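Step one of this worksheet: look at the structure below.
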Amino acid sequence: MGSVASNLADVQARIERACRDAGRDPAEVRLMVVSKTHPPELVAEAYAAGARLFGENKAQEAAAKAAALTDLPDLRWAMIGHLQTNKAKDVVGFADEFHALDSTKLAGALDRRLQELGRSLDVFVQVNSSGEDSKSGLPPAEVEAFAVELQAYAGLRVRGLMTLAVYSEDRDEVAACFARMRDLQTRLRHLDAAAGSYDELSMGMSGDYELAIAYGATTVRVGQALFGAR
Ligand SMILES: *Cc1c(COP(=O)(O)O)cnc(C)c1O
């Protein structure tokens, strides 16, 4: 593994190439640096190399890092892991984005806290695109009804959908997950009763972000390709 800066440059170059191959503008795709388990010093190193969006999956760990790095301007935190309702309060204090929304109970808890603080939060609806029991997220068939229910929460700015594809050597199986997400996004964009734009697709990790870009990913979430194996 090279330095964080050289890994970041490499991943960015691959994102640009994947965009070119897909006939897409690289400006449409954001790189989220997944910094879970890594100390604030490493976040600061990636920040110095140009990264601005960081992803974390545990509320307490993320809150501590955010508190340690408040001096870095324009740094955005995204929560990407399943969240218990009683942690909503911690998350709205520092997070700019939440990528794992999959229940109205959680939507309500986040919204209440957001209203108290007079702020809003960018949210992504998590979809279980592979159908594996081990994965969080709504079954694709339930997403449209959920999208309509989300209208009730004024503090949530619904930006789009998020998924983790199946972890597989078989590229076609992974691609099928991403294709399912693209189809779902198209349906939601035509659903007038849904709140939000659904312009965003948060999908693709270290092993599959180039493939995700071919299927329309607008945010790729990359950890190990930048920091090494966890
Ligand atoms: C850890 C994690 C990632 C990043 O995975 P890498 O293999 O480190 O790139 C992306 N998304 C979610 C939801 C994660 O938990």
Side-chain angles (χ1 to χ4, degrees), residues 1-15 18 29-40 42-43 45-46 49 51-63 65-66 76-84 87 91 95-103 106 110 121-138 143 159-171 173-175 177-178 180-181 200-230:
M1 272 323 269
S3 67
V4 170
S6 71
N7 295 340
L8 191 64
D10 179 56
V11 169
Q12 267 155 352
R14 284 168 180 267
I15 290 172
V29 180
R30 300 187 303 167
L31 170 60
M32 180 197 296
V33 172
V34 177
S35 49
K36 64 189 185 196
T37 76
H38 299 299
L42 226 49
V43 174
E45 198 178 326
R52 289 295 178 271
L53 175 63
F54 291 85
E56 292 280 337
N57 69 341
K58 296 213 167 72
Q60 259 179 337
E61 179 187 339
K65 269 180 234 183
R76 283 176 73 84
W77 291 104
M79 286 303 297
I80 59 176
H82 179 74
L83 188 68
Q84 280 172 332
K87 298 277 166 61
V91 164
D96 300 290
E97 305 182 11
F98 179 58
H99 287 236
L101 186 63
D102 63 0
S103 75
L106 184 54
L110 287 167
L121 180 70
D122 286 355
V123 298
F124 292 68
V125 176
Q126 185 169 357
V127 181
N128 184 348
S129 60
S130 68
E132 293 165 285
D133 290 340
S134 59
K135 295 246 161 73
S136 305
L138 293 167
V143 175
R159 303 300 306 275
L161 304 173
M162 177 273 205
T163 203
L164 286 95
V166 65
Y167 186 79
S168 168
E169 298 282 302
D170 183 344
R171 234 179 103 89
E173 276 186 42
V174 181
C177 292
F178 294 146
R180 233 164 259 141
M181 294 299 288
E200 299 263 356
L201 277 181
S202 170
M203 60 188 195
M205 309 177 18
S206 291
D208 57 18
Y209 65 91
E210 289 152 295
L211 188 58
I213 288 169
Y215 284 87
T218 61
T219 301
V220 294
R221 310 179 308 266
V222 178
Q224 299 186 76
L226 299 168
F227 299 121
R230 277 183 303 272

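Read the numbers this way: they start at 1 and go in the same order the structure lists the ligands and their atoms. Here the structure is a predicted model, which is why all the values come from computation and not from measurement.
Residue pairs that meet the side chain to side chain donor-acceptor pair (under 3.5 Å) test with at least one member in residues 217-229, sequence neighbours left out, are Arg30-Thr219, Glu200-Thr218, Glu200-Thr219, Ser202-Arg221.
Here the closest heavy-atom approach between residue Val11 and residue Ala225 is recorded as CG2-CB, 4.1 Å. Taking all atoms of both residues into account, the shortest heavy-atom contact from Leu53 to Ala78 is CD1-CB, 4.2 Å.
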Please give the N or O to N or O pairs under 3.5 Å between ligand 1 and the protein, distances rounded to 0.1 Å.
from     : atom 1 : to     : atom 2 : distance (Å)
ligand 1 : 7 (O)  : Gln224 : NE2    : 3.1
ligand 1 : 8 (O)  : Gly223 : N      : 3.4
ligand 1 : 8 (O)  : Gln224 : N      : 2.8
ligand 1 : 8 (O)  : Arg230 : NH1    : 2.7
ligand 1 : 8 (O)  : Arg230 : NH2    : 3.2
ligand 1 : 9 (O)  : Ser206 : N      : 2.9
ligand 1 : 9 (O)  : Ser206 : OG     : 2.5
ligand 1 : 9 (O)  : Gly223 : N      : 2.9
ligand 1 : 11 (N) : Arg221 : NE     : 2.9
ligand 1 : 11 (N) : Arg221 : NH2    : 3.4
ligand 1 : 15 (O) : Lys36  : NZ     : 2.7

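Residues Glu97 and Phe124 meet the side-chain proximity criterion, which asks for heavy atoms closer than 4.5 Å.
Every ring pair (Phe, Tyr, Trp, His ring centres under 6.0 Å) that Phe227 has, sequence neighbours left out, goes to His38. For the side chain to side chain contact (heavy atoms under 4.5 Å, CB included) test, no residue two or more places apart in sequence or in another chain qualifies with Gln60.
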